[in-house]
Undergrad: 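Handing you a structure now.
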Amino acid sequence: MDTKQSLARLSQDLSLLGVEPAEAAREAKLILSALHNCSPAELFFYGERELDEAAQERIWKIMEIRTKRYPLQYILEETEFMSLTFEVNPAVLIPRGDTERLVELAIELMQPLEQPLLADIGCGSGCIAISLAHYLPRASLVATDISSKALAIAQKNAIRHNLAERIAFLEGDLLEPLLGANLRCHLIVSNPPYIPSADLAGLAPELHYEPRLALDGGPDGLAFYRRLIKTAPPALLPGGYLLLETGAEQKEAVSRLLSDSGFRIVQCIKDYGGNHRGVLGQFTIHNLKNCILCTSYFVLFTP
Ligand code: GLN
């Protein structure tokens with residue numbers, strides 16, 4: 001069987017497993033590009049290439065595991081985010097393409113600054129923090145996570161991309177490591193767990209292999225936003241941003257939590273599918289005690 005035939009076959013087999021057709025086609029490409037050690041875009045050049053016995057065997061093994069709806073990214077032990085490759089394992093949430101929308105916005109906001117300090121709270125694989133460090137060469141970053149296993153992967157990923165020197169990885173609950181170090185950021189970004197606990201059982205089978213710690217947002221899905229938003233002001237410079245990924249139905253609730261804590265809602269973010277995916281808040285001046293200091297920062301950081 002050649003690569004092109006195998007691509008069609010794999011795509012069909014994955015669809016039969018219940019994987020959505022577009023995702024099945026994407027996964028088939030990922031499997032074959034892993035076999036040819038090329039990018040999915042380069043697969044085109046391998047169309048007529050026959051797959052030898054070892055390659056067929058490898059596909060068979062991958063599909064045997066995938067039949068249990070074990071995520072392909074964990075099988076291949078890597079995935080792509082913001083055009084960078086990240087190692088992943090079941091200790092970390094698999095980076096989602098939709099999260100790229102938030103990263104792009106953070107890059108846009110921070111690009112004009114000379115030496116921005118950013119934090120990624122609950123960094124998991126490190127995909128957000130590492131992408132920000134990669135695309136913002138003058139930035140310094142702090143990445144926190146409560147899971148030491150997740151932090152170990154994030155650190156490995158930072159080393160892989162030669163960015164470990166500009167990212168401090170700190171273990172702890174939400175903002176605690178940041179507050180403990182008395183750090184104030186220009187922007188804090190987070191993709192916290194936001195799925196209501198009761199909804200977890202009904203999710204796609206693949207999600208059951210991902211860390212519950214990274215998905216379960218408590219009874220109403222908002223538990224982490226409440227704590228994060230309430231504790232964020234002292235970790236932000238005046239005029240600093242809090243950029244949060246949210247579920248499609250959480251725009252209003254998260255915006256309200258932000259407004260109640262002195263944030264101005266700057267923007268609501270939609271993902272590639274047109275679904276609501278995040279909220280950008282800016283910490284406003286009136287909550288601060290030291291107004292002289294904050295006036296100058298405010299001028300500097302308000303776009
Ligand atoms: N975006 C994930 C999903 O697809 C959820 C991630 C999270 O809870 N932070 O369900």
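Numbering of ligands and ligand atoms starts at 1, following listing order. Quick caveat, the model's predicted, so the values are computed rather than measured.
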Undergrad: Which residue holds the protein heavy atom closest to atom 9 (N) of ligand 1, what is that atom called, and what is the gap in Å?
TA: P192 O, 2.6 Å
Undergrad: Of the protein's non-hydrogen atoms, which lies at the shortest distance from atom 8 (O) of ligand 1, and what is that distance?
TA: Y194 N, 3.1 Å
Undergrad: If you count the non-hydrogen atoms of other residues, nucleotides and ligands that lie under 6.0 Å from CG in D52, is the total more than 12?
TA: yes
Undergrad: So is A214 touching ligand 1 or not, going by heavy atoms under 4.0 Å?
TA: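 So A214 counts as touching ligand 1.
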Undergrad: Please write down residue, atom name and distance for the protein heavy atom closest to atom 10 (O) of ligand 1.
TA: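 Of the protein heavy atoms, I195 CD1, 3.4 Å lies nearest.
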Undergrad: Any idea which protein heavy atom is nearest atom 3 (C) of ligand 1, and the distance to it?
TA: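 Of the protein heavy atoms, R96 NH2, 3.6 Å lies nearest.
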Undergrad: With a 4.5 Å cut-off on side-chain heavy atoms, are I121 and V189 touching?
TA: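 A side-chain contact under 4.5 Å is absent here.
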Undergrad: Classify the contact between L207 and ligand 1 as side chain, backbone, both or neither, using a heavy-atom distance cut-off of under 4.0 Å.
TA: side chain
Undergrad: Run the numbers for me: atoms of ligand 1, each under 4.0 Å from some heavy atom of E245, listed by number.
TA: 1 (N)
Undergrad: Check each atom of ligand 1 against the heavy atoms of N191 and keep those under 4.0 Å away; list them by number with element.
TA: 7 (C), 9 (N)
Undergrad: Does E27 come within less than 4.0 Å of R66, counting only side-chain N to carboxylate O?
TA: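 The answer is yes: the pair qualifies as a salt bridge.
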Undergrad: Do the charged groups of R277 and D98 touch, with an N to O distance under 4.0 Å?
TA: yes
Undergrad: Mind checking whether C38 and S33 have side chains closer than 4.5 Å, heavy atoms only?
TA: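 Answer yes - side chains close enough.
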Undergrad: One thing to verify: whether R160 and E78 come together as a salt bridge, which I'm taking to mean a side-chain N less than 4.0 angstrom from a carboxylate O.
TA: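 Judged by the 4.0 Å cut-off on N to carboxylate O distance, E78 and R160 do form a salt bridge.
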